[in-house]
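Hydrogens, waters and symmetry mates are skipped; everything else that's a heavy atom, side chains included, is used.
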Amino acid sequence: LQQRVGRAARNGMRLTVSILLAVVAAVLLPMIAQLSNNRILPEKLAIAVDLMGWDGLMNVTRENIATRLLGHKKTSSREAYHSLLNTLAEVDLKYLGPERAVISPDDIAEGHRMINHLLRTGMEFYVEQSPKHPKLRRYVSPTRKLMGDNPDALYYFAPIDIQATSNKGYVIKGRRHPDEVYFSITLYGANTFAGFADRVIGEMNDRKLIPSAPPHSEKNTSSGVNDGGDASYYFELYITPERPVGSRNWLRLTPNVTCVITRHYFERVGTPAAVDPTVERRIDMSISNLGLNAGAQPQSPLPDLEMSQRLKLVEEFVRERTVGRPKQDPTKAPPWFSFQPNTIGKPAMWGGEGNNDDGGMGAVDIAYAAGFFKLEEGQSIELTGKIPKCAFANVVLWNRFLQSLDYEHRAVSLNRKQMTLSTEGTYKILLSSAPPNNSSWDWLDSENRKGGIIFWRFILPTEDIETPQIRIIEAAD
């Protein structure tokens, strides 16, 4: 109540100032206009008058005086913007502090990079688009990493909301990359809209997806890439409350769905897929709101209240991925993630019972295995095991904030095709700060770090997965 009274008082004072300035303007404007007509005004003032007109110039003058007397004008977007800044300050002090065991200057600095990645992602997802006019945009990249990214995959995200479609839903149309070893579309839900992806609501992979006819007779798509006219790469998926008659592919849209994420996995010997721009150019997808008339355009520019609402979503997104997350509790970790240093958890399907009780944004077709590594001076790690029969397999090094290390310039991940496997499918990998002299090892670059996370993915395995084993190698060895 006190805030409302204070705001009303300030608005009243601003109105009083405006009235006084209007009276002064009524007396002075004719005189100034005469000076302007006679070209006596200074050049800068004359330009301002030409651009804004006399009314516009007086409005700016009035607001300048009112701001000096009463402070800056209160707007919805300004309040939301300041609230976002306050949340960023809170994240800096609490999430990057002793409460989360982040204490070294280097860890804090890396945390600041992570927060900026979160902020950029939130702006891209919630300010530059909306569930009414969604776009499938890259979720992570070599310079924007979060929530366990993968060098061998491209991920796309779009916010969706059944209410934004007048309960009619969406349709995704597109063309898969011909070299994908796995592709899926997953609907996620969360307790809050920008909570992002806390649980799976629906999923379809390329093994279940029924191909559709190409959208036109030409072999070239909008990306300008020739796919040879193979119709098996084209698809059409409806995301609606009820299945449309005649639809080949369908996922149910419910009120608790907040986003859709597509996954595109590759096993390449050379440059990781996430770095190669030619890979992205050959993924051609679009999402359309079935509740809009053809040709409907997003609102532009965004009015004050709309910008305020979108900034609040960004704040919510940043908060939910940082201080809003529960603190790590080793006793509640899924069995596939080991909190014991230099031990990998037993691989398990993410969708298996007990393996994702706390929710998250995993994929139901993927078996995960992970654990923390810890190295003393001069130590290295030997990873050994066997790759099972599966659609895809790789291992990636992450920092403590679930961001992959620098795969653009360093060997911090290995997929199955990059490994030197025996005829039985066994591997031997050295994790160290320098390449091994023994060529029998594949190599993962530790970036001279003393700790981090080793993360394995096995997609659609058809046999039991051996738990990767770790052996510490001392400098003398």
Side-chain angles (χ1 to χ4, degrees), residues 84-122 140-151 317-334 337-345 358 360 370-383 395-413 429-435 443-456 470-475:
L84 172 59
L85 294 178
N86 290 337
T87 292
L88 290 174
E90 180 186 354
V91 170
D92 170 42
L93 297 177
K94 292 186 177 180
Y95 194 72
L96 304 182
E99 288 185 28
R100 304 279 177 156
V102 182
I103 55 176
S104 77
D106 288 347
D107 279 350
I108 294 171
E110 192 161 45
H112 287 141
R113 180 172 181 253
M114 181 274 297
I115 293 171
N116 279 295
H117 285 196
L118 276 177
L119 182 60
R120 287 170 56 197
T121 303
V140 287
S141 73
T143 57
R144 185 162 49 83
K145 304 177 179 183
L146 63 155
M147 301 308 297
D149 60 292
N150 183 359
F317 174 75
V318 172
R319 177 175 291 279
E320 289 296 314
R321 304 328 309 170
T322 52
V323 291
R325 294 180 66 81
K327 297 178 182 178
Q328 287 184 338
D329 184 349
T331 65
K332 295 182 179 180
F337 196 108
S338 173
F339 273 80
Q340 180 179 345
N342 301 325
T343 303
I344 303 297
D358 292 331
F372 289 96
F373 72 86
K374 182 179 179 182
L375 293 171
E376 302 296 338
E377 191 66 34
Q379 288 182 336
S380 301
I381 282 177
E382 181 188 62
L383 281 162
V395 58
V396 184
L397 300 182
W398 292 349
N399 64 19
R400 64 181 298 165
F401 301 111
L402 309 186
Q403 295 176 295
S404 65
L405 305 190
D406 184 11
Y407 59 79
E408 194 169 11
H409 304 100
R410 295 173 178 266
V412 297
S413 69
I429 301 169
L430 188 73
L431 194 167
S432 62
S433 59
W443 180 51
L444 287 174
D445 187 349
S446 68
E447 296 186 346
N448 208 32
R449 294 169 182 260
K450 300 307 178 186
I453 296 173
I454 301 171
F455 198 92
W456 287 88
I470 287 180
R471 180 172 72 93
I472 298 297
I473 300 176
E474 301 293 343

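- Rounding to the nearest 0.5 Å places CG of Leu397 at 9.5 Å from OG of Ser404.
- Just one residue in the list Thr121, Asp149, Asn116 forms a side-chain hydrogen bond (donor to acceptor under 3.5 Å, both in side chains) with Arg144, and that residue is Thr121.
- The two residues Leu375 and Ser380 make their nearest non-hydrogen contact at CD2-C, 3.9 Å.
- Ring geometry, Phe372 versus Phe337: the interplanar angle exceeds 60°, so the pair is classed perpendicular (tilted spans 30 to 60°).
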For residues 93-100, tabulate all N or O donor-acceptor pairs below 3.5 Å that involve a side-chain atom, not counting sequence neighbours.
unit_1: Arg100; atom_1: NH1; unit_2: Arg325; atom_2: O; d: 3.1
unit_1: Arg100; atom_1: NH2; unit_2: Val323; atom_2: O; d: 3.4
unit_1: Arg100; atom_1: NH2; unit_2: Arg325; atom_2: O; d: 2.8

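- Across every non-hydrogen atom of Ser433 and Asn448, the tightest pair is CB-OD1, 3.6 Å.
- Ion pairing of Glu110 with Arg400 is absent here, as no side-chain N (NZ or NE/NH1/NH2) approaches a carboxylate O to less than 4.0 Å.
- Trp443 contributes a side-chain N or O that, together with a main-chain N or O of Ala434, makes up a donor-acceptor pair within less than 3.5 Å.
- Although no hydrogens or angles enter the test, the distance criterion places a donor-acceptor pair under 3.5 Å between the side chain of Gln403 and the main chain of Lys145.
- Remark: side-chain polar atoms of Arg321 are not paired, donor with acceptor, to backbone N or O of Leu146 under 3.5 angstrom.
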Task: Full working for side-chain contact (heavy atoms from CB on, under 4.5 Å) between Lys450 and Lys374 - done: CA-CA 6 Å; Lys450 300 307 178 186; Lys374 182 179 179 182; over 6 Å; no

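- Listed by chain and number, the residues in a side-chain contact (heavy atoms from CB on, under 4.5 Å) with Asp406 are Glu408, His409, Arg410, Glu447 (sequence neighbours excluded).
- For the pair Tyr407 and Ser141, the tightest heavy-atom approach, listed with the atom from each and the gap, is OH-C, 3.4 Å.
- In plain terms, the two heavy atoms of Trp398 and Gly148 that are nearest each other are CZ2-CA, 3.2 Å.
- Contact detail for Arg120 and Thr143: the closest heavy-atom pair is NH1-O, 2.8 Å.
- His117 is not listed as a side-chain neighbour of Phe401, based on a closest heavy-atom distance of 4.5 Å or more.
- Using a distance-only test at 3.5 Å, with no hydrogens or angles considered, no donor-acceptor pair links the side chain of Asp445 to the main chain of Ala411.
- The shortest side-chain heavy-atom distance between Val412 and Val396 does not fall under the 4.5 Å cut-off.
- Scored by the ring-ring contact (aromatic ring centres under 6.0 Å, His included) test, Phe373 finds no partners at all (sequence neighbours excluded).
- Residues Ile472 and Ile381 come closest through the heavy atom pair CD1-CG1, 3.7 Å.
- Residues Leu383 and Leu444 have side chains in contact (heavy-atom distance under 4.5 Å, counting atoms from C-beta outward).
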